[in-house]
Amino acid sequence: MEIVLTDRGGPEKLRIDDTDAPAAGRGEVRVRVLASGVSFAEVQMLNHRYPMQPRYPFVPGYDLVGEVTSLGQDVTGVAVGDRVAALMVTGAWRTHVVLKADRLVPVPDGLDAGVAAAATMNGVTAWQMVHRTAAVRPGQTVLVHGASGGVGTLLVQLAVAAGATVLGTASSSKHEAVRALGATPIDYRTEDVAARVRQLAPGGVDAVFDHLGGDSLRVSYDLLADGGILVNYGSATTLHDKGHWLVPYLATMRRFASWWLRGLAGRARGRRATFYYVKPGAAFNSALAQVYRLVAAGELVPPIDKRLPLAEAAEGLRLLMDGKATGKIVLEA
Ligand SMILES: NC(=O)c1ccc[n+]([C@@H]2O[C@H](COP(=O)([O-])OP(=O)(O)OC[C@H]3O[C@@H](n4cnc5c(N)ncnc54)[C@H](OP(=O)(O)O)[C@@H]3O)[C@@H](O)[C@H]2O)c1
């Protein structure tokens, strides 16, 4: 079985097909999918707003956790029965997938497949931004936009564990959850976020994690302390913009270029802005292994809002689009 995204529109554009995955070829493995995440990327794909998405119809699904059921020729280092994870970008919403063996990361014994799925793309995204891009250090103050979301809940936990004071924007109904993760919540719907951040961090913040893009970037940059970094990793506020999907990214690049030039001219007070993008490869695999170690040790807890059967992927997307979820929605076999 697979879930096919047939066209631009709402969750009703998803169709369930009976198609099955082929046998594994040379260097490939066949995996029975146990769990896969629902993410904002699929919402963008429904709106034809995801950068370089495939043509409709296609099978979405950004990441998966599964069990190896057969090996193609010349596959070493993995065995039938192993539990593994992979970043797919698209194609994970299937009961079985075939993929290159070097894309697989082992899932620790005893780690629940749904929890592992909630920690896969989101965990690496949050871990790399906190520990690589922003290199958050003890004593710093950081602002996490969307602190109640799949990525945001992990960003908050990792930044708190790194010793930072964390401010997090979220809808008020989710403030208790954000507070429980260790952040001071700010209601982006009713409060003046910039004014509230300045009140809580008068000297500015050392990092802002901004998935909103568009006009939010200027506000986020202006909240930085000297030497601070703005990490932009999405363009959620431009979801319903008209025109080509590339337009908001070009605007972001222009904005970043002007800040970079300002830095060259010695007028940026050490502030920087950068874009983060999760991608498959060796760095992803080693970051995911580290994320799983943290999750297995109970030091990082990916909140799961709902577990649904794969056939109810449309309902998962609906919940995410309605802003009902705190943390991750996971599709399970
Ligand atoms: N660059 C990358 O590699 C990468 C990787 C993964 C994800 N992402 C991006 O990360 C973002 C989050 O993805 P996700 O799957 O975690 O989505 P999600 O679970 O739906 O979370 C989105 C969050 O955004 C919050 N939000 C919505 N409008 C907001 C606003 N105006 N101000 C502040 N917060 C707002 C929501 O808060 P409330 O629900 O509390 O209202 C929600 O918690 C998406 O934009 C996605 O594209 C990027």
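Counting convention: from 1, in listed order, for ligands and their atoms alike. Note that this is a predicted model, so its numbers are computed, not measured.
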Original post:
Looking only at distance, does Val278 have an N or O less than 3.5 Å from an N or O of ligand 1?
Top reply: yes
Subject >> Test of proximity, Ser171 against ligand 1: N or O pairs below 3.5 Å >> reply: yes
Considering only non-hydrogen protein atoms, determine which one is nearest to [atom] and report residue, atom name and distance to 0.1 Å.
atom                    : value
atom 21 (O) of ligand 1 : Gly149 CA, 3.3 Å
atom 19 (O) of ligand 1 : Gly150 N, 2.9 Å
atom 39 (O) of ligand 1 : Lys174 NZ, 2.6 Å
atom 40 (O) of ligand 1 : Ser148 OG, 2.7 Å
atom 6 (C) of ligand 1  : Met121 SD, 3.2 Å
atom 5 (C) of ligand 1  : Thr125 OG1, 3.4 Å

Under 4.0 Å to a heavy atom of [X] - the qualifying atoms of ligand 1, by number:
X      : answer
Arg189 : 41 (O)
Ala170 : 40 (O)
Tyr277 : 1 (N), 3 (O)
Leu320 : 19 (O), 20 (O)
Thr169 : 33 (C), 34 (N)

Hey, is [atom1] on [X] packed in by over 12 heavy atoms from elsewhere, all under 6.0 Å?
X      : atom1 : answer
Asp18  : CG    : no
Glu191 : CD    : yes
Arg137 : CZ    : no
Asp74  : CG    : yes

So that I can tick it off, tell me whether [Y] and [X] are bridged by a salt bridge, with the cut-off set at under 4.0 angstrom between side-chain N and carboxylate O.
X      : Y      : value
Asp305 : Lys174 : no
Arg30  : Asp20  : yes
Arg318 : Glu315 : yes
Asp215 : Arg255 : yes

Of the side chain and backbone of [X], name the one, both, or neither that has a heavy atom under 4.0 Å from an atom of ligand 1.
X      : answer
Thr326 : neither
Gln44  : side chain
Val193 : neither
His211 : both
Val151 : both

Original post:
Leu155 and side-chain contact (heavy atoms from CB on, under 4.5 Å): which partner among Val144, Val160, Val142?
Top reply: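 Checked Val144, Val160, Val142 against Leu155; only one passes side-chain contact (heavy atoms from CB on, under 4.5 Å): Val144.
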Original post:
Evaluating non-hydrogen atoms only, which member of Tyr188, Phe40, Tyr50 is closest to atom 32 (N) of ligand 1?
Top reply: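 Nearest heavy atom to atom 32 (N) of ligand 1 lies in Tyr188.
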Subject >> Option whose closest heavy atom lies nearest to atom 10 (O) of ligand 1, chosen from Tyr62, Phe275, Tyr233, Tyr276 >> reply: Tyr233
**OP:** Quick one: which residue pairs count as a ring-ring contact (aromatic ring centres under 6.0 Å, His included) with a foot in residues 114-141, not counting sequence neighbours?
**Re:**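 For residues 114-141: Trp127-His131.
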**OP:** Would you list the pairs meeting ring-ring contact (aromatic ring centres under 6.0 Å, His included) in which at least one residue belongs to residues 24-55, sequence neighbours left out?
**Re:**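 As it turns out, the ring-ring contact (aromatic ring centres under 6.0 Å, His included) pairs with a partner in residues 24-55, which skip direct neighbours, are His48-Tyr56.
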Original post:
Is the closest side-chain heavy-atom distance between Phe58 and Gln53 below 4.5 Å?
Top reply: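 A side-chain contact exists here, since the closest heavy-atom pair is under 4.5 Å.
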